[in-house]
Amino acid sequence: MVNLKGKPVELRVPSRMGYEKVAMGTAASVAKLMGFPDARIEDLKTAIAEACINAIEHGNRLNDNLCVGVTLSAHDDSLEVTVLDDGAGISKVPPKPDIDRKMHGEEDARGMGMFLIQSLVDEAEWVKAGNGKGSYVRLVIRLDKESD
Amino acid sequence: MVNLKGKPVELRVPSRMGYEKVAMGTAASVAKLMGFPDARIEDLKTAIAEACINAIEHGNRLNDNLCVGVTLSAHDDSLEVTVLDDGAGISKVPPKPDIDRKMHGEEDARGMGMFLIQSLVDEAEWVKAGNGKGSYVRLVIRLDKESD
Amino acid sequence: MQTETKANIDQIADGNGGRVTVLRFSGDISSGSHDALLGTYTTVSKSQPVLLDFSKVEYINSSGIALVIQMLMEANKNGQKIAAFGLTPHFQKVFTMVGITKYASLYQDEAAAKASI
Amino acid sequence: MQTETKANIDQIADGNGGRVTVLRFSGDISSGSHDALLGTYTTVSKSQPVLLDFSKVEYINSSGIALVIQMLMEANKNGQKIAAFGLTPHFQKVFTMVGITKYASLYQDEAAAKASI
Ligand SMILES: Nc1ncnc2c1ncn2[C@@H]1O[C@H](COP(=O)(O)OP(=O)(O)O)[C@@H](O)[C@H]1O
Ligand SMILES: Nc1ncnc2c1ncn2[C@@H]1O[C@H](COP(=O)(O)OP(=O)(O)O)[C@@H](O)[C@H]1O
């Protein structure tokens with residue numbers, strides 16, 4: 001396989017539910033080109049879908065005049081992804097979802113997206129808006145890491 | 001299905017052979033979201049691959065500091081695609097490939113990309129660089145049109 | 001732009017003289033699936049077990065999983081047994097990660113799910 | 001970033017006491033496939049028919065098709081019969097559009113291709 005480095009792939013999709021699937025398709029193609037195993041591509045697709053849904057819903061508040069930006073940077077041994085929105089971002093990652101509390105109505109049934117992102121990729125970091133830039137989540141998925 | 005119109009999907013990929021597959025993946029996802037039948041999505045994927053390969057090879061001369069731009073605009077009854085490069089573009093579409101001439105060495109074995117693009121989509125138009133903008137090919141694939 | 005969720009209700013024999021309801025989903029399981037999941041669940045008999053068939057589902061996201069959890073909450077209140085089958089290995093892993101397997105077992109296929117009920 | 005093309009050479013019986021060479025490709029058929037296509041073709045016996053197996057090929061572009069045409073040119077010069085099988089309906093259509101079917105017939109599967117030779 002030839003040199004994978006170089007400029008990142010950049011994608012912009014409208015802030016409308018469903019368009020996360022376009023990000024999934026783009027990311028899956030990049031990961032396949034890099035030689036990721038299928039199971040790891042599935043992990044990446046779900047993580048990117050959840051990140052895009054959050055950017056669409058919470059970051060850009062479903063305003064489809066705003067776009068969600070996705071960059072995919074192929075490094076030698078990893079794929080780095082950022083998902084960018086125009087919102088204020090989040091200060092801290094919410095606690096791990098608790099299925100017992102959910103089942104007893106003590107916790108919202110929702111609230112699993114960020115947990116899934118963290119569980120499915122090798123690194124996940126949320127960065128709040130600043131310096132005229134939007135908020136983003138940065139994900140890293142490593143080529144050597146086997147899906148388990 | 002809800003309102004499909006709005007901002008286009010935008011993609012930028014480095015000018016390196018293989019990256020046309022990322023454009024195929026993105027385009028396939030948009031077309032699926034719009035409800036195109038699978039056979040028509042295959043047509044679109046091949047047309048976009050050929051357009052991107054030409055932009056990478058002929059337009060940007062494999063200079064991977066340059067990007068190929070792809071926009072995908074979902075209209076009510078069609079998907080409009082542009083594939084943009086930094087080259088001078090082409091003045092006219094080459095003649096239809098002639099398999100007999102190819103088989104007898106009277107014509108280059110290559111030179112089928114633009115013919116395939118024209119054959120696979122409903123509209124294809126090549127626009128030369130101008131006004132500080134790059135060259136692009138504009139493709140339209142209609143939702144009602146059955147693949148044959 | 002979200003793909004519709006379809007739900008079909010089947011009644012099958014459990015092999016022991018009893019009946020089992022099978023909810024067969026197709027399309028997406030996402031925030032737009034409220035009626036297809038919770039609406040459909042309200043119409044089924046609460047006195048027999050329910051199997052959830054995900055084998056025709058193409059896409060599931062966390063909002064869709066939240067609706068599955070709400071369905072399990074209802075079933076739990078009714079003391080009704082629920083199991084699921086037809087999830088891809090990836091979504092079996094995802095369902096396991098969020099803990100759903102504590103309240104609904106996941107099976108490879110319909111036969112295995114039916115045998116367990 | 002191009003996926004490698006792999007080519008395997010099989011010898012099979014034609015069912016009439018003769019032998020047929022089968023070139024089984026996998027990966028991509030693109031500009032990077034020169035050696036896998038034309039290099040492999042130079043090594044096969046020119047005195048028996050050749051079948052091209054595309055059933056494991058994921059991606060074909062026009063530069064790859066040009067290499068297939070060059071292989072057909074060589075075979076034509078050698079008076080060697082070539083047929084292909086395992087193309088998806090989409091690529092059967094594409095091969096037909098460019099006129100390849102005038103010089104090599106396309107078959108659904110290996111059995112049909114072998115029977116025709
Ligand atoms: N991109 C974002 N911008 C602003 N807030 C966000 C963003 N992503 C997540 N959040 C906040 O974090 C919370 C938890 O997100 P998540 O775990 O994905 O679950 P859910 O989206 O179902 O609530 C969201 O409810 C929201 O308040
Ligand atoms: N984006 C482009 N920029 C500049 N020239 C182009 C572009 N696309 C096509 N061409 C020209 O048109 C010719 C025919 O293109 P095509 O039919 O795709 O076949 P091929 O790429 O195999 O030569 C190319 O050889 C090139 O000279």
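Order of the sequence lines fixes the chain letters, A, B, ..., with proteins taken first and strands second; residue numbering starts at 1 for each chain.
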Counting N and O atoms only, with roles assigned by atom type, does the side chain of D:Gln70 sit under 3.5 Å from a partner on the main chain of B:Ala109, one being a donor and the other an acceptor?
no
Please flag which part of B:Asp100 lies under 4.5 Å from any non-hydrogen atom of chain D: side chain, backbone, both or neither.
both
Count the heavy atoms belonging to other residues, nucleotides or ligands that lie under 6.0 Å from CD of D:Gln11, then report whether that count exceeds 12.
yes
For D:Lys56, does the NZ atom have more than 12 heavy-atom neighbours from other residues, nucleotides or ligands under 6.0 Å away?
no
Has B:Arg61 got more than 12 heavy atoms of other residues, nucleotides or ligands less than 6.0 Å from its CZ?
no
With a 4.5 Å cut-off on side-chain heavy atoms, are B:Met17 and D:Ser30 touching?
no
Any side-chain heavy atom of B:Ile53 sitting closer than 4.5 Å to one from D:Asn61?
yes
Stepwise side-chain contact (heavy atoms from CB on, under 4.5 Å) check, D:Asp28 with B:Lys21
CA-CA 11 Å; D:Asp28 292 356; B:Lys21 291 189 204 169; 2.4 Å; yes
To the nearest 0.5 Å, what is the distance between CD (B:Gln118) and CE (D:Met97)?
11.5 Å
Is any side-chain heavy atom of D:Ile69 closer than 4.5 Å to a side-chain heavy atom of B:Met112?
yes
I'd like to check B:Leu120 versus D:Lys93 (side-chain heavy atoms, cut-off strictly below 4.5 Å). Are they in contact?
yes
Measuring from atom CD1 of B:Ile117 to atom OG of D:Ser62, what distance do you get when rounded to the nearest 0.5 angstrom?
8.0 Å
With the side chain counted from C-beta on, respond yes when B:Lys102 and D:Tyr103 share a heavy-atom pair under 4.5 Å apart, and no when they do not.
no
Above 12 or not: heavy atoms from other molecules or residues under 6.0 Å from NZ of B:Lys128?
yes
Write down the atom of B:Leu116, the atom of D:Ile65, and the distance for their closest heavy-atom approach.
CD1-CD1, 4.5 Å
Could you walk me through whether B:Lys45 and D:Tyr59 pass the side-chain contact (heavy atoms from CB on, under 4.5 Å) test, one step at a time?
CA-CA 10 Å; B:Lys45 280 165 68 184; D:Tyr59 168 70; over 6 Å; no
Partner chain D: residue of B:Asp38, B:Asp98, B:Asp108, B:Thr46 with the largest heavy-atom pair count (under 4.5 Å)
B:Thr46
Let me know if B:Glu42 has heavy atoms under 4.5 Å from chain D in its side chain, its backbone, both or neither.
both
